[in-house]
Structure formats: C-alpha cells, structure tokens
Amino acid sequence: MRGVASASGDRAPIRQRPGRAAGGGRTDRRSGHVDCRHRVGSRSDRCDPRLASMPARSRRSDRPAGLERGPRPRSPATAILAPYVPAAYPEKEPPSMTDPSTTPVRVRFAPSPTGALHVGGARTALFTWLFAHGEAKRAGRDGTFVLRIEDTDRNRLVPGATEAIFDVLAWFGLTWQEGPDVGGPHGPYVQSERADLYREHAEGLIAAGHAYRCFCTPERLAEVRREQEARKEPTGYDRRCRGLAGEEVAARLAAGERSVVRFAMPLDGETRFVDLIRGEIVYQNATLEDLVLLKGDGFPTYHLANVVDDHLMAITHITRGPEWIPSAPLHVRLYDAFGWAMPVLAHMPLILAPGGGKLSKRHGATAMEEFRSQGYLPEALANYLVLLGWSFDATTELFSREDLLEKFSLERVSASPATFDYAKLRWFNKQYINHVLGLDDLTARVVPFLAAAGLVDPAAADAGHPDFARLRPAVALLKDRIETLDEAPELLGYFLRDEADPYDPTLLIPKKLGLEETLDALLAVERTLEEVDLGDEAATEARFRALADELGLKPGQLFMPIRVAVTGRTQTAGLFETMRVIGRERCLGRVAAAAGVLRRHGDEALSADD
RNA sequence: GCCCCCAUAGUCUAGCGGCCCAGGACGUCACCCUUUCAAGGUGAAGAUCGCGGGUUCGAAUCCCGCUGGGGGUACCA
C-alpha cells in the first residue's frame, strides 16, 4: 500500500520512484488507494472507515444509494460527496467537520472578466452545474451553484465582459443561485469589492508567520531570473525578503516603499492532495515557490482570493481547469495556514486544439459568443461538450438536460485531455435541428438570424406573428438540411422574398437538352402551373410527370429546370412541396422570368457567336 | 531546464485481470432510397490497445522504465 492511510490510521511511507526523488508520485487512482489525510491516531471516521479499509473493488457496492446509478465510476474511491476533507498533511489536527452525508454541496464558477467566455470554461461550468444540481441532489444533498467574478487583475479588465458572461451563461442554460446580480448570503460576489477581506487575511498570515512582506522590485526579480537562467538553475524567487527583520519591514513600510505579500512555503517535506479525477498528487515542497498573495496594488492574486472566497463562501468542491494543478499545493498550504477545511479538488481535463496545443481562433470559434452567433444550439453545444471528457456508457450519445442531471457524475470524468472536434460538434447541432427540436421551436430560433438578414420581422419569433406563420412551412421543408442556424437566410431566403435567388441561366438547361427545348419545356410548365392545384402535391406531381412524358423528357430532366426557375438553386427540398409553399403566383412569375432569362441568354450566345 | 498530468483507430470514447485477435460515435468510402440536396437505411476500411520489461495460468486492464503529447513555471487568471 503506497501512500495510503490504513484503516488504523497509520500512514505508510511514500516510496519515491527511483530517479524521481525530487519529484512527485501519486497513488494509483484505480487501486482505490486514497489518502484520507489523517495524522496517526486521528479520528478515522472522517474518512468512511469502510472506504479506508476495504479493497477497491468491494467498496463500490458500498456507495451511498444516490451514487449507485449508471456505470461504475472510474475515479478513485474517494467519498466524493464528503466535502470537508481535512487539510492535507499530518502536522496538524484537522478541523472538525459536519456530517458529510447531509452537508449541502456548494460549488462555484469563477470566471475572470478579461474577455469572452471560452468553451473550456463553459464546459467546466457545465460539469460544475451538473454536479450541484444533478449528482449532489441525487445523493440527497442540497446543491448550490455560485457565480463569482474574479476581477483582481485590474490591468486586463475588459469593460462589459461581466455582463457578456452573464448573458452567454444564461444562453447556455446555466443558472446560478448566488452571484453578483442575484446576491446571496455570502456576497459580495465580485472580488474587487472584497479587497479589504483579502488584505486582512494576508495580514493574518503574516502575523502567524505564514507569509511575509517582500520589497523586491520587478526589475530585481527579472535580474534574478536572468542570472538563474545563465547558470542553468531552476528559476524562481530567491526568497531574499523572507528573513527580513520586523523592524526593517516596519521601517520600509513606514517609508512608503512598495511591497507585496508572499507565502512562506515550507522548505522541505511534501504537500499532497487528492484530485477527484486523478487520484493523489504529491509535490516536494523544495520545488515550490513563495508565490505572491497580495500584489503591489493591494489586490490579491488568484491564489489568495480564491482560497479566502471559497472558504468564506463555504465552497465544498473546487472544480476548475487543469492549469490550476501546479498551484494546488499552494492552495492546500494556504488552507492549512488558515486552519480551514480543504474542499474537494477536481481539475477538469484539458481541451486541446485539433493540431495539439491550446484551442485558439486559428482553429475556429473558441468563445461561447462565437458559437452562438454561428448558429449552434446551446443544447447541442452542451451535449457535445459534456462528452468531451465524460461518458455515461459505451453507446449513449444524445443527452437532454434532464438526462444529464440524472446521469452525470464527476467521478466518470476522464483525466486525459480531449481534442476539440468541430465536425462532431456540427453533427450534434444537426441532430438537434433535424431530429430533436420541434418545428415551432426551430422556427422561433431561426428568426434572429433571418431578421439580421432583413428577411423577417425581429418579432417573428412569436408564434402569433404573421411572419411566423409564413416562415414555419418553409422551415418544415428545410429542417433536415439546416446544420447551423446561421445558414437559415441562405436556405430560406427564396421562400421569404418574391423572387428566386439569382442564378446562372445555364443551370436551367438540364443534361442532354438544348436551350430551345428547355425554353419550350418552361413555357409548357407555365401553362401547366395555371391549371394545377399546388396544394395537392400528389396530383401536381402526377401532372408534371405526365408533362415530362408528353415532352419526351425524363422526370428529372423536367424537374431540374423547374427547380432552378422557382428557387434559383439546384439543391432544394422536394420540388412539389417547395412549390406548394412558395405558392402559385410566385411560381408562375419565377417560371416566366426564367423563360425570359433563358431567351435573352440564347440571344446573347447567338450574337457572341457572330 | 525544472515540476506536474496524460497515453485504446484521424477525432471523442467503452473497457477496471479471462465475456476483447477490442464495442459505440464523428469523420471517410460504398451501396440502398430518390426529381436535386439532405435526412434515413445497410455495409466497409481504419487500433500490432505508444514502446520495452515485469507480475499472473491469463494483461488494453496491475507494476516499473522509456518515449510521445500536454499543462505549469508572473505583482494573469
């Protein structure tokens, strides 16, 4: 048993892998070796004793009733819903905790208003939301999803970004119970409004010897780094100010010298924590830095703000992107320095760009707002995104929001990075448009895109609006052909305008047919159109098939010129249903126009020949 | 450089020691349906389970190493 607290509470020594003595190791997540993080002799009931003592396999049947549904979870056999895992090392008696089976689950999504919301962030938000509202509730726990704005970087602040995040999150179908706009018992929910809190906590850490004032200038830091690089040493702050005498600090402070607050990382030993989806991760403290907690401008860094807020807001599970794993040991140490209970950590898997690396504009849309304006449905995007790193079983792929609330579990989230596949997203979007959405729903959703192209009234999304009634039958015909909503103007335009789309006259002439014959056919079509009832598709089709016969043409040879004349395109829905929806008057006008166009085209061709 | 994470077809994944000479989906290709394009149906190609050792009667599954990919390395989050 490596790195595992046994049932009796004994801590087995961690064996370092040969050749990696300075590095970390981790407990295998599948073996169920989970460090309950108690010091020797501490109360072992903080970890479910069954979990601590039983072999991994037999544990699974011992899960709480609410966690048994669906396929077996594949992450470490941590009691995932026991939130207050005591701080992660043995020097200190962990704080007492409330009954894990009834403690409400509180999670948060904490974007930074430095720009548009990225898909990766949105997926983290989705997983987090599903955990609170699905998994937690299934286990009989209250689940609260908190929205917090992390705007402590005053330089990168983008005006309007916060509102844009609210907006796109709402579009994505994520609701928050506490947040800047809705308030809540743990506010304010905007970090810039909590600056005093962070300062006080930083002072507390200094007083307790866990942090110190650092007067080193950015210039000196850069110089230190240069020297380290030149000597090929690991780079990092050299801790020059760590040993400063109290009097000197006071004097320099009094002199108004600018300073930051740094955390005093233990110089040796190790820091370990359990990542819910990866298992235990161990860091050697010697490799960790004295990171800045409070910046020169008085604002906290992410590290301080995050820990203070998560604790004050009673967050039980920290879900965030994988880029935070390397700073997790600092956070663990901070919780301990404050004497606070450590929330459960769960770092989501990375989303990679098609060629590898980070997803960027070069590959396509990256911001949620872009996906929205490109005509992706929020439910399709959610369905695609949830499957990027999570799966329910071997075959299910379409999940409604309700399905997800019923089936999603953080434990089945994969640790390995996933490549973003635009083609597959597109497929999901098609699935929802073609087969999931009802006709009225789809009609309403297409309206903003058509309105932007000036094709319908923006108010037409209302089913009572006359444009809605005009639009709906056309949408019915093109439903199976729309992949993204932004294609609507292109696909539906000729139903909404009086004329057909502009087209190349030669498209009117079918294969193996001359211009004259085509013109004759078109004139015959015009006459036939006069006498036919377009509302009766079957009869119309029969009549036109007969006409083809009379003209000595194959049906297809007749239908294509009609299609082009009536729509301006070679690819449409069924010809007769299309004509029905366009209506006789407009069809007649368009066929007549086509005949005219063809005649002129023929004249031009003749004169060109001369 | 240092630290950490990850590793099943081009991509997303199922798989938790025998049911797997590996299942599903996207993409690709073919055929069917057919007035065009879709949708739908059927089928095919595509994975020496990254490589090498080990444990075991038996390994995609457990262990070790290597390699590869990725993340972090800020008074950004």
Side-chain angles (χ1 to χ4, degrees), chain A residues 17-19 22-24 26 28 30-31 56-57 60 71-72 74 110-112 114 150-153 155-156 214 216-218 221 225 228-229 232-236 258-262 275 278 281-284 287-289 291-297 299 301-303 305-306 321-329 347 349-350 352 354 356-358 384 387-397 414-421 423-428 430 434-435 478-483 541 544-545 548 554-560 562-564 569-576:
Chain A
R17 281 184 242 173
R26 59 169 260 237
D28 168 59
R30 294 221 161 99
S31 69
R57 247 165 301 136
R60 294 192 176 105
R72 283 187 295 186
R74 55 192 172 194
S112 170
T114 51
E150 309 214 328
D151 59 345
T152 56
D153 185 341
N155 301 319
R156 292 200 308 153
C214 169
C216 295
T217 62
L221 262 22
R225 160 174 281 273
Q228 287 164 333
E229 277 169 0
K232 297 201 185 241
E233 285 172 7
T235 54
R258 192 178 163 99
S259 69
V260 302
V261 175
R262 287 184 182 273
D275 179 292
R278 270 162 268 258
I281 298 174
V282 182
Y283 278 82
Q284 297 304 312
T287 66
L288 270 16
E289 285 200 63
L291 258 25
V292 170
L293 262 21
L294 206 60
K295 299 182 272 189
D297 64 1
F299 280 91
T301 58
Y302 170 87
H303 309 297
N306 177 262
E323 67 274 19
W324 295 111
I325 294 175
S327 48
H347 294 96
L350 195 73
L352 256 30
K358 280 184 183 164
Y384 172 70
L387 255 12
L388 211 54
W390 173 83
S391 67
F392 176 66
D393 57 21
T395 54
T396 318
E397 55 200 356
S414 157
S416 47
T419 306
F420 197 94
D421 181 354
K424 192 158 185 175
L425 200 216
R426 223 177 152 73
W427 179 82
F428 272 105
K430 270 201 296 205
N434 301 350
H435 304 300
L478 273 308
K479 196 170 161 42
D480 283 348
R481 279 153 256 249
I482 300 174
E483 295 192 354
E541 177 168 352
F544 278 96
R545 282 186 185 278
K554 287 189 202 161
Q557 283 182 301
L558 178 62
F559 295 173
M560 188 50 88
I562 303 178
R563 168 175 290 113
V564 172
R569 346 181 89 244
T570 55
Q571 301 174 0
T572 70
L575 179 58
F576 303 102

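Every chain is numbered from 1, with letters handed out A, B, ... down the list of sequences.
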Heavy-atom closest contact (A:P555 atom, A:A548 atom, distance): CA-CB, 4.1 Å

In this structure, how many angstroms lie between the C1' atom of B:A9 and the CG atom of A:D421, rounded? 14 Å

Whole angstrom is fine here: how far is it from CG in A:D275 over to C1' in B:C6? 12 Å

Could you tell me the separation between the CG atom of A:D393 and the P atom of B:G15, rounded to a whole number of Å? 9 Å

Counting Watson-Crick and G-U wobble pairs only, both distances under 3.5 Å, name the nucleotide matched with B:G52, or none. B:C64

If I pick the C1' atom on B:A22 and the same atom on B:C49, what distance separates them, to the nearest angstrom? 7 Å

Pairwise distance CH2(A:W324) to CG(A:N306) - rounded to 0.5 angstrom: 7.0 Å

How many whole angstroms separate atom CD of A:E397 from atom P of B:G27? 11 Å

Spacing of CG belonging to A:L425 relative to NZ belonging to A:K430, to within rounding of 0.5 Å: 12.0 Å

Need one value for A:T419: base, sugar-phosphate or nothing, where a base atom within 4.0 Å counts as base even if backbone is also close, heavy atoms only. sugar-phosphate

Close side-chain approach of A:P326 and A:Y283, heavy atoms under 4.5 Å: yes

May I have the step-by-step check of side chain to side chain contact (heavy atoms under 4.5 Å, CB included) for A:F544 and A:L575, ending in yes or no? CA-CA 11 Å; A:F544 278 96; A:L575 179 58; over 6 Å; no

What is the separation between atom CG on A:D480 and atom P on B:U36, rounded to the nearest whole Å? 16 Å

Taking A:R426's backbone N and O only, do any of them form a donor-acceptor pair with A:Y384's side chain (distance below 3.5 Å, no angle check)? no

Please determine whether side chain to side chain contact (heavy atoms under 4.5 Å, CB included) holds for the pair A:T152 and A:T301, giving the CA-CA distance in whole Å, both sets of side-chain angles, and the decisive distance to 0.1 Å. CA-CA 7 Å; A:T152 56; A:T301 58; over 6 Å; no

Set out, in order, the CA-CA distance, both residues' side-chain angles and the distance that settles salt bridge (Lys or Arg N to Asp or Glu O under 4.0 Å) for A:D275 and A:R278, then state yes or no. CA-CA 5 Å; A:D275 179 292; A:R278 270 162 268 258; 3.5 Å; yes

Inter-nucleotide C1' distance (B:U73, B:U61), Å rounded: 34 Å

Expressed as a whole number of Å, how far does the P atom of B:A47 sit from that of B:C57? 33 Å

Strand partner of B:U73, provided both Watson-Crick or wobble distances fall under 3.5 Å: B:G1

Between B:G43 and B:C26 - P atom distance, rounded Å: 14 Å

Taking atom CG of A:L558 and atom CZ of A:R545, what is their separation to the nearest 0.5 Å? 10.0 Å

Rounded distance in Å between the P positions of B:G69 and B:A74: 23 Å

Side chain to side chain, A:I562 and A:F576, heavy atoms closer than 4.5 Å: no

Show the distances under 3.5 angstrom between N or O atoms of the protein and N or O atoms of nucleotides 28-35 of chain B.
from, atom 1, to, atom 2, distance (Å)
B:U35, OP1, A:R545, NH2, 2.6
B:U35, O2, A:R563, NH1, 3.4
B:U35, O2, A:R563, NH2, 2.4
B:U35, N3, A:L575, N, 3.4

Does any N or O in the side chain of A:Q228 come within less than 3.5 Å of the main-chain N or O of A:G236, such that one atom is a donor and the other an acceptor? yes

Please report the distance separating the C1' of B:C19 from the corresponding atom of B:C63, rounded so that it comes out in whole Å. 25 Å

Taking donor-acceptor contacts at under 3.5 Å, does the side chain of A:K479 reach the base of B:A39? no

For the CG atom of A:L352 and the NZ atom of A:K358, what is their distance to the nearest 0.5 Å? 11.0 Å

Pairwise C1' distance, B:A60 and B:G18 [rounded to whole Å]: 13 Å

Check the distance between B:C26's P and A:E483's CD and give it to me in whole angstrom. 13 Å

A:F420 atom CZ is separated from B:U13 atom C1', nearest whole Å, by 16 Å

So does A:D393 get a backbone contact from the side chain of A:T396, meaning a donor-acceptor N/O pair under 3.5 Å? no

Starting at the 5' end of RNA chain B and moving along, which residue's nearest nucleotide shows up first, A:T572 or A:K430? A:T572

Inter-nucleotide P distance (B:U34, B:U11), Å rounded: 38 Å

Across nucleotides 71-77 of chain B, 5' to 3', mark each nucleotide with B, S or - according to how protein heavy atoms within less than 4.0 Å reach it. SSSSBBB

Between B:C6, B:A39, B:C26, which nucleotide gets closest to the side-chain atoms of A:K424? B:C26

Counting Watson-Crick and G-U wobble pairs only, both distances under 3.5 Å, name the nucleotide matched with B:A30, or none. B:U42

Considering only side-chain heavy atoms of A:I281, which listed nucleotide, B:C5, B:C37, B:G23, is closest? B:C5

Using Watson-Crick geometry (N1-N3 plus N6-O4 or O6-N4) or G-U wobble (N1-O2, O6-N3), each under 3.5 Å, B:C21 is paired with none

Protein-nucleotides 40-50 of chain B N/O pairs under 3.5 Å:
from, atom 1, to, atom 2, distance (Å)
B:G40, OP1, A:H435, NE2, 3.2

What is the base-pairing partner of B:U35, counting Watson-Crick and G-U wobble geometry with both distances under 3.5 Å? none

With RNA chain B as reference, determine whether A:K232 or A:I325 sits nearer its 5' end, using the nearest nucleotide of each. A:K232

Has A:K554 got more than 12 heavy atoms of other residues, nucleotides or ligands less than 6.0 Å from its NZ? no

